[in-house]
Structure formats: C-alpha cells, structure tokens
Amino acid sequence: MGIAVHCSWLAALLCLHFFGGQVCCDCTEEKMEIEGGHYTLTKQLQKGSMLIYHCPEDYYPYPVMTRLCQYDSRWVKAPRTFNPQRCRVVECPDPTVMEYGEVSPPQEKYFVHNETTYECYSGYTMRGSARRVCLSNGKWSGSTPICGRESGHSCADPGIPAGASRAGNIFGIDETVKYSCNSNLFLVGSSERVCLENGQWSNKEPACYYKHTYDTSLEISEAFGSSIRESLTTLESLNDTQSGKMIRISKNGTLNIYIAVDISESIEKEEVKKVKEAIITLIKKISSFTVNPNYEIAFFSSGFYEVVNILDFFNEQHVERNTIIDIVNNFKVDQKNTGTDLDLVFKNFLDKMAFIKQRVGTEQFKEHRHVIILFTDGAYNMGGSPVPTVARIKNMVYMNHTGEEETQSREAYLDIYIFATGKIIFDDDLQPLVTGIGPKHYFRIKAFDELQMTFDQIIDEEEVKGLCGLHKEYVVHDPTAQDARNNYPWWASIIIQNGGLSRKCIGSLVNPYFVLTAAHCFKFGDQQKHVKVEIDDGQGRVKKVKTFILHPKYDISGKTEEGVPEFYDYDVALIQLEDYVEISSSVRPICIPCTQETSDALQLVGVSTCKQQEELLLKKQLERVSFLTKKTESVVVEKDAHAKLGGLRDNCIKHALTAPNITATDPKVAVTDNFLCTGGRDPFRDHVACKGDSGGPVFKNYEQRTIQVALVSWGSKDLCQLGSVKVESDETSRDFHINLFRVVDFLKGILGNDKQDVYSTLKFLKD
Ligand SMILES: *[C@@H]1O[C@H](CO)[C@@H](O)[C@H](O)[C@H]1NC(C)=O
Ligand SMILES: *[C@@H]1O[C@H](CO)[C@@H](O)[C@H](O)[C@H]1NC(C)=O
Ligand SMILES: *[C@@H]1O[C@H](CO)[C@@H](O)[C@H](O)[C@H]1NC(C)=O
Ligand SMILES: *[C@@H]1O[C@H](CO)[C@@H](O)[C@H](O)[C@H]1NC(C)=O
Ligand SMILES: *[C@@H]1O[C@H](CO)[C@@H](O)[C@H](O)[C@H]1NC(C)=O
C-alpha cells in the first residue's frame with residue numbers, strides 16, 4: 001500500500017515540500033479531543049509521537065489511554081465516532097464474588113467512592129474488611145473479606161479477591177487453588193497458591209487489575225520497602241530465616257544493584273527526570289545503611305546507554321557515591337530515542353554478572369546478591385522477548401541447581417523489580433519477568449511525582465520502620481526468640497519485683513517510649529525502680545522505667561460493697577521508659593485505636609473517625625481476636641479467642657458471676673461496658689488467658705498490620721497449670737479484656753500530648 005494514500009493531497013504536497021518527499025506527513029489533531037479531559041503529544045504531530053490522554057482524578061481515558069502516530073501518518077488506534085474518546089469514572093472489580101456471605105448494596109458495577117459492606121451467612125465468621133470503599137486507583141480499600149468456618153482443613157479458606165474466580169475448594173496440605181480474573185481484568189501476582197505444611201498459603205493473594213488500576217505510593221513503599229530493606233539488612237546478619245528456610249549470607253556477601261530506565265519515546269521526558277531524581281534518592285538512602293552496594297545504572301531504548309559501570313567497582317577503583325549521583329544527574333535524554341529493547345537490557349546485565357563471576361570466582365559469586373530494578377512501559381517492540389535472557393540470569397544466580405530445595409534457597413539472591421510506567425502498560429509482557437521471594441515485585445505507577453517521595457519513605461527509618469503494627473507473618477512449629485520478635489515486634493515483658501515474689505505481665509509497645517499494660521500488674525507501694533521492662537532491641541534487653549501511670553479511675557476495691565471484691569474496670573496503665581527503644585523490623589509499635597496511624601493501617605480514606613475504626617474492627621457478633629502467652633522467658637506464642645459482641649455479649653458476661661468470691665447478682669456490676677468478653681466452647685473453643693498473660697495486647701490483624709483492640713485483664717476461672725502454654729476454655733470459663741476504644745481519653749491524654757517533647761506523639765483522631 002502506498003503511503004501517500006492516507007494523506008490529504010494538500011497535506012501531502014506540503015510535506016513533500018518540507019521533507020523532500022522522504023516522509024509522508026504529520027498526523028492530524030482532527031477528532032482527537034477527549035470529553036472531560038485533555039491530551040498531550042510527545043513529539044507534536046510527527047510520526048512516532050504518542051498522544052496521551054489525561055483525565056481528572058477518579059476518571060480514566062476510555063476507550064484507549066494513548067494513540068501512536070504511525071509511519072503512515074495514521075493514529076493507532078484510530079478514533080471512532082461511534083465510541084468517542086471520553087473520561088470514564090473509575091470502576092473497581094466485582095466484590096460479589098465472595099462466598100458464604102452477602103455484599104451490600106448489590107450492584108452490577110461499582111464505581112469510585114462507592115461503599116460496600118460484607119456479612120457472612122450464619123455459622124461463618126469473617127476475616128478481612130467488613131466495609132470497603134472503591135478507591136480512585138481502581139482498588140478496594142482494606143483486604144478481601146472471607147467467610148469461613150472451622151472445617152478441619154489445614155489451611156484457612158483463602159477467599160476470592162474482587163473480580164476473580166477460584167478453582168479448588170480443598171484446603172488440605174499440598175492442595176492448590178488457582179485464580180483467574182473475570183473479563184476485562186488481568187491478574188497481578190501469582191495465580192496459584194499452595195497450602196503449606198505450616199498451615200499458611202504460599203505466595204500473596206493475587207489481585208485483579210483493570211487497565212486503569214494503579215498502585216498507590218503507600219502500597220509501593222510498604223511492599224518494595226520491606227523487600228529491598230531485607231536485601232540490605234540480611235547482609236549484616238549471618239543467619240536469617242524466611243518462610244522457615246535458612247538463608248545464609250556471609251559477612252563478606254556483596255550486593256549488586258542494576259538499574260535501568262526506559263527513555264524510549266513512549267515515556268515522557270518529564271517522567272524520565274523524575275525517575276532520575278527517584279534513583280538518586282534511592283542511592284542516597286541505601287548508602288545511609290551500612291552497606292555499599294555496587295551499581296550498574298543505564299538508560300535504554302533501542303540502545304543501551306550505560307552511565308555507571310558495575311565493573312568499575314571491581315577494579316580496585318573507589319567509586320564515590322557523589323560521583324554516581326552526578327553522572328546520573330548529568331545524563332541527558334537524547335531526543336532521537338525510538339523503540340524499546342528490553343532484552344538488550346537483560347543481556348547487558350547478564351554479561352556484567354558473567355564478568356563479575358569470572359573476576360571473583362564461583363565460590364565468592366555465591367555470596368553475591370543481585371537486585372535488578374527496571375523502569376519501563378514494557379512495550380518491547382525490538383529485540384524480542386527477554387524471557388529467555390531472564391531465565392539465563394536465573395541460572396547464573398541460582399547456580400543451575402535442579403533440586404527444588406536448593407533452588408528455593410538461592411531465590412533470595414536474585415530480585416527483579418519492575419516499575420511499570422507510561423500511560424499504557426503491557427502487563428502481560430512485564431509480569432513474567434519479575435522474580436524474588438517475599439512481597440510484591442511488580443508495580444504499576446500512575447504518576448512519577450510520587451516516586452521520589454516513595455523511595456524516600458522506603459528506607460526512612462522513621463517513616464517506614466515506625467509504621468505501627470507491621471510484622472512478619474510466618475508460622476513456625478517451634479518458635480525462637482527471634483521469630484517471636486519478628487511476628488510480634490511490639491511485644492514487651494514486664495517484671496515487677498517489690499519484695500517477695502516477682503509479678504509478671506505482658507505489655508505492648510505503643511510508641512518508642514511507652515508500653516501499654518494492665519493497671520493490676522502494679523500493687524500499692526510499687527515504685528519505678530521495682531519495674532523492669534524487657535524488649536530486646538539490640539541495645540540491651542532490660543529497659544529502665546521512668547514512670548508508670550495508672551488510669552485515674554482504676555480502683556480495685558471500688559465495688560467490695562457491691563459484692564465484687566476485685567473490680568477491674570479501667571485496668572490499664574502506661575509505662576514510660578527512660579530511653580526510647582530502637583525501632584527496627586523486630587521492634588516496632590502496635591497500632592492502637594483512634595489514631596491516624598491506625599486509620600492508615602486500615603486504609604480508611606479521607607477524614608476518618610474513631611467510630612469507623614471500631615465498626616471495622618469490632619463489628620460482628622463474633623470477632624476473632626488473638627492474644628499472647630509466654631512460652632519461655634523470651635518466646636511468646638499466640639492464643640485465639642472470639643469476642644462476643646452485640647446480642648452474644650450478655651450470655652458471655654453472665655459467667656463472670658461464677659468467679660470466686662463474687663457475690664453480686666448482676667454480672668454488669670463486675671463487667672462494665674468497658675470490657676470485651678471471650679472464652680467458652682461455643683461456637684468455637686477459645687483459648688483462655690493465664691496469669692502471666694495479663695496486660696498483653698488483644699489484637700486483630702488487618703493485612704500486614706496489627707491493631708490492638710483490648711488488653712488482657714481478668715478471668716472467671718483459673719484453668720492454667722504451670723508449664724501449660726495454650727490452654728483451652730471449658731463451657732463456663734470467660735476472660736474479660738479492657739476495650740481500648742473505651743479508654744481513649746486516657747491514652748490520648750498521655751500519648752497524644754504534643755507539649756511533651758521528649759517522645760514522639762501519636763496523632764489521635766478528633767472524634
Ligand atoms: C456509585 O458511584 C457512582 C459514580 O460515582 C454514583 O453515581 C452512584 O450513585 C454510586 N452508588 C452508590 C450506591 O453510592
Ligand atoms: C548461625 O547459625 C549457625 C547454625 O545454625 C549457628 O551455629 C550460629 O551461631 C548462628 N550465628 C548467629 C550469628 O546467630
Ligand atoms: C568470605 O568469607 C568466607 C567465609 O567466611 C571466607 O572463606 C572467604 O575467604 C571470604 N572472602 C573474602 C574475599 O574475604
Ligand atoms: C549451567 O548450565 C549451563 C548450560 O546449561 C552450563 O554452560 C554452565 O556451565 C552451568 N553453570 C554451572 C554453574 O553449573
Ligand atoms: C476469696 O475466697 C477465698 C476462699 O474461698 C479466700 O481465701 C480469698 O482470700 C478470697 N479472696 C478475696 C480477694 O477476698
């Protein structure tokens with residue numbers, strides 16, 4: 001087909017005149033407008049230019065996000081009159097895929113800001129979010145609601161994420177479930193999960209994305225942050241356990257970081273600048289750790305433009321951090337970059353690895369970790385698929401071991417992250433390239449503006465390590481002290497020795513200076529010198545206590561006259577430490593009610609309230625909660641119970657009257673509204689609290705975050721014997737826990753008091 005056919009003859013004449021007949025002509029702007037939005041062009045109307053549609057927040061361009069001016073001066077795809085370009089309101093994937101429960105309101109489609117609530121059929125209990133909001137990035141807030149019931153299966157029901165279908169309904173060990181996404185959606189993450197021996201599902205829950213779905217900067221900083229931090233910090237420790245597997249990295253292990261940025265025409269120039277800034281931030285942050293990785297940094301399109309050569313780091317030559325930053329900063333994007341050859345990038349990185357391996361020898365190369373970070377839109381239109389090259393990279397790093405066990409143990413040595421950019425993202429091509437264990441490695445970014453900030457937060461100790469309630473989630477049969485710290489990083493041990501026998505309680509770190517516990521751990525006459533708090537933060541296990549503050553309304557003998565010899569209302573206390581504890585991934589505060597931090601953890605959008613949090617956390621008549629018990633001096637394990645709320649509460653608290661010495665006839669005299677009630681065997685057999693569990697957090701997990709809803713106060717029956725760890729309830733045994741939502745004023749008065757500059761204050765919600 002002759003190329004001039006598509007030009008109007010006048011335009012063709014003009015073009016011929018200007019370009020000596022070599023090219024046809026420019027694309028035109030005719031019919032390109034978008035209703036409700038605007039567009040930009042990467043290279044005006046020249047061939048190869050990309051037209052990018054922009055819509056306001058909460059909207060996305062439809063039917064296409066971009067159009068390309070082709071060599072024959074036609075737009076691809078061509079605009080169509082019957083389906084005009086417009087801004088459509090953002091839609092979230094179908095949440096009604098939930099099993100054994102109801103979604104309200106039932107709608108055919110769910111749009112941005114639409115709210116949904118979830119309820120389980122009777123006999124089923126809910127995990128996940130009971131209320132979710134469709135966010136402007138095309139995702140639901142919170143986590144997938146799952147209605148399950150005790151089934152005797154080894155793994156809990158893994159649920160069905162919005163927009164997905166699941167094949168597989170047997171949750172025994174080694175059973176597999178497979179996910180697929182419904183029409184118009186594509187799957188991000190792993191489509192298969194296997195029920196592991198430890199009762200956990202392998203991989204993370206996959207998600208269904210629309211073309212307009214993006215990851216928020218918070219999601220990226222949490223996922224990429226925790227994962228890259230692990231790469232950085234494992235270099236310092238000899239032993240690390242991950243998913244129960246031992247990874248050993250010697251102290252002389254080396255970290256090689258390979259960064260490549262797409263500068264093909266499909267990525268806007270402004271965006272490249274922002275990625276450059278983000279890379280510089282990342283390099284600075286990484287060097288603020290005690291590690292000095294080797295860097296390979298390149299830009300690419302159809303060519304490979306190396307700006308920092310990793311081999312220089314192996315040539316005895318000292319490469320200054322600032323030199324790297326200058327080089328990256330000074331790199332100018334050449335206008336004439338066309339095409340994207342992703343395979344070329346991986347081939348170059350593979351070559352570098354081969355050089356390094358030759359240089360340092362196979363034995364030493366085994367100790368090298370490799371992190372590849374790629375910024376691209378993945379529209380690889382040259383060089384072919386990079387999949388075979390990525391396979392060769394894996395072979396190189398995994399050392400060709402074929403045994404499953406061995407390969408797994410080597411997987412920690414290679415991470416490939418992809419940040420998909422640009423207005424149209426070729427997910428199907430990019431997703432298979434990511435590699436690595438742990439959190440997500442594939443991210444879709446809408447705007448680069450936030451990327452630098454995101455990277456800033458990733459490594460910022462204050463910002464990320466301080467995130468309340470973040471913890472690792474792996475179940476081990478025989479937990480060690482380190483497992484206990486990683487799984488429950490807020491855990492504190494409290495010992496009070498004032499003459500006679502020592503008393504022991506559990507506490508929870510709520511900020512670097514304060515530990516929350518029960519008031520009854522303290523007796524009249526106790527002074528701060530009698531109190532020891534133990535949190536192993538690597539700076540000495542025992543923390544000196546500055547002061548402890550009991551709730552002013554706590555009065556153990558307040559109701560002796562009414563037949564309650566020991567009255568535990570307001571059984572809450574805060575211990576202030578002399579020095580702050582060092583926050584790390586194994587020492588971190590728990591989230592407490594009515595704080596902004598907790599709203600963030602619950603992914604509540606906009607201005608949120610205390611009530612919203614309570615509704616999310618303590619909504620059902622049966623809320624599954626956990627608390628801790630000491631197994632040894634330095635190891636805690638988790639106990640499970642169900643708080644009986646609403647209509648089930650009265651029946652639960654009536655057993656308080658069976659507690660020894662209580663002569664009152666109304667259980668509400670002893671159990672005020674400030675208590676949560678757990679225990680019993682119906683419908684689930686709960687664990688009961690033992691003496692030493694007092695003061696410990698009663699908590700709920702929400703995605704990767706833990707929120708303390710109550711603290712262990714007292715029980716109606718002492719079923720615990722010395723040495724027993726997880727003690728189960730009988731028919732009438734009940735435990736009562738101080739509901740933190742009822743003592744917010746006390747917490748706020750101390751933890752939210754920003755006049756005291758000695759400690760970091762928590763941001764409490766207005767109401
Ligand atoms: C859902 O969102 C759409 C679009 O914003 C709106 O028109 C509709 O009323 C919402 N539905 C509900 C039930 O809030
Ligand atoms: C690492 O693990 C080995 C074997 O389990 C053990 O002998 C060694 O003491 C550990 N090292 C550290 C620093 O924990
Ligand atoms: C790295 O550590 C291993 C074991 O600790 C040791 O055998 C080897 O010599 C070390 N290599 C270098 C270059 O220090
Ligand atoms: C890995 O396999 C390739 C070919 O399959 C071979 O050339 C290479 O030597 C092997 N490398 C190692 C470390 O075994
Ligand atoms: C409760 O009663 C027992 C006897 O049954 C008695 O030994 C104990 O001192 C009483 N406790 C209180 C707190 O009154």
Side-chain angles (χ1 to χ4, degrees), residues 33-39 52-65 82-121 126 128-147 159-165 181-186 188 207-219 423-424 444-447 450 599-600 602-617 619-620 702-703 765 767:
E33 62 281 354
I34 174 167
E35 193 188 320
H38 69 281
Y39 61 83
I52 299 159
Y53 288 113
H54 305 269
C55 286
E57 173 98 359
D58 298 342
Y59 292 84
Y60 70 98
Y62 179 86
V64 298
M65 304 249 192
F82 64 85
N83 194 8
Q85 187 70 32
R86 57 191 190 275
C87 287
R88 256 203 187 178
V89 68
V90 164
E91 192 182 335
C92 279
D94 184 5
T96 64
V97 295
M98 180 172 74
E99 290 182 309
Y100 315 120
E102 228 146 64
V103 182
S104 58
Q107 278 167 223
E108 197 177 326
K109 290 186 169 200
Y110 293 87
F111 298 102
V112 65
H113 305 312
N114 279 178
E115 280 189 32
T116 45
T117 53
Y118 303 82
E119 255 180 279
C120 294
Y121 300 149
M126 188 180 291
S129 308
R131 177 184 158 274
R132 304 182 89 181
V133 179
C134 175
L135 305 176
S136 53
N137 63 346
K139 294 189 189 180
W140 289 102
S141 67
S143 61
T144 303
I146 302 166
C147 294
I160 305 176
S165 316
C181 288
N182 304 336
S183 60
N184 291 333
L185 291 155
F186 62 92
V188 172
C208 294
Y209 279 31
Y210 284 107
K211 281 288 173 198
H212 63 259
T213 308
Y214 290 93
D215 299 313
T216 64
S217 71
L218 185 68
E219 289 169 322
K423 291 296 179 266
I424 183 156
R444 297 180 114 236
I445 313 176
K446 187 166 192 179
E450 289 181 357
S599 282
D600 294 342
L602 293 171
Q603 299 175 22
L604 290 172
V605 281
V607 180
S608 56
T609 64
C610 213
K611 194 155 179 258
Q612 266 178 306
Q613 293 187 358
E614 189 172 354
E615 275 172 2
L616 261 176
L617 293 162
K619 177 186 197 278
K620 318 241 67 127
Y702 195 93
E703 294 271 282
L765 302 177
D767 50 14

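Note that ligands are numbered from 1 as they come in the structure, with each ligand's atoms numbered from 1 the same way. Everything numeric in this text was worked out from a predicted model, so none of it was measured.
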key: Derivation of the side chain to side chain donor-acceptor pair (under 3.5 Å) call for K139 and Y209   = CA-CA 8 Å; K139 294 189 189 180; Y209 279 31; 3.0 Å; yes

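- Under the side-chain hydrogen bond (donor to acceptor under 3.5 Å, both in side chains) criterion, H38 pairs with no residue, sequence neighbours left out.
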For ligand 1, which of its N or O atoms have a protein N or O partner closer than 3.5 Å, and how long is each gap?
residue: ligand 1; atom: 2 (O); partner: N114; partner atom: OD1; Å: 3.3
residue: ligand 1; atom: 2 (O); partner: N114; partner atom: ND2; Å: 2.4
residue: ligand 1; atom: 11 (N); partner: N114; partner atom: ND2; Å: 3.1
residue: ligand 1; atom: 14 (O); partner: N114; partner atom: ND2; Å: 3.4

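- Ring planes of Y60 and H212: parallel class, angle under 30° (limits at 30 and 60°).
- The shortest non-hydrogen separation linking A162 to P95 is CB-CA, 4.1 Å.
- In this structure, F186 places its CZ atom where more than 12 heavy-atom neighbours from other residues, nucleotides or ligands lie under 6.0 Å away.
- Residue E57 holds its CD atom at 12.5 Å from SG of C87, rounded to the nearest 0.5 Å.
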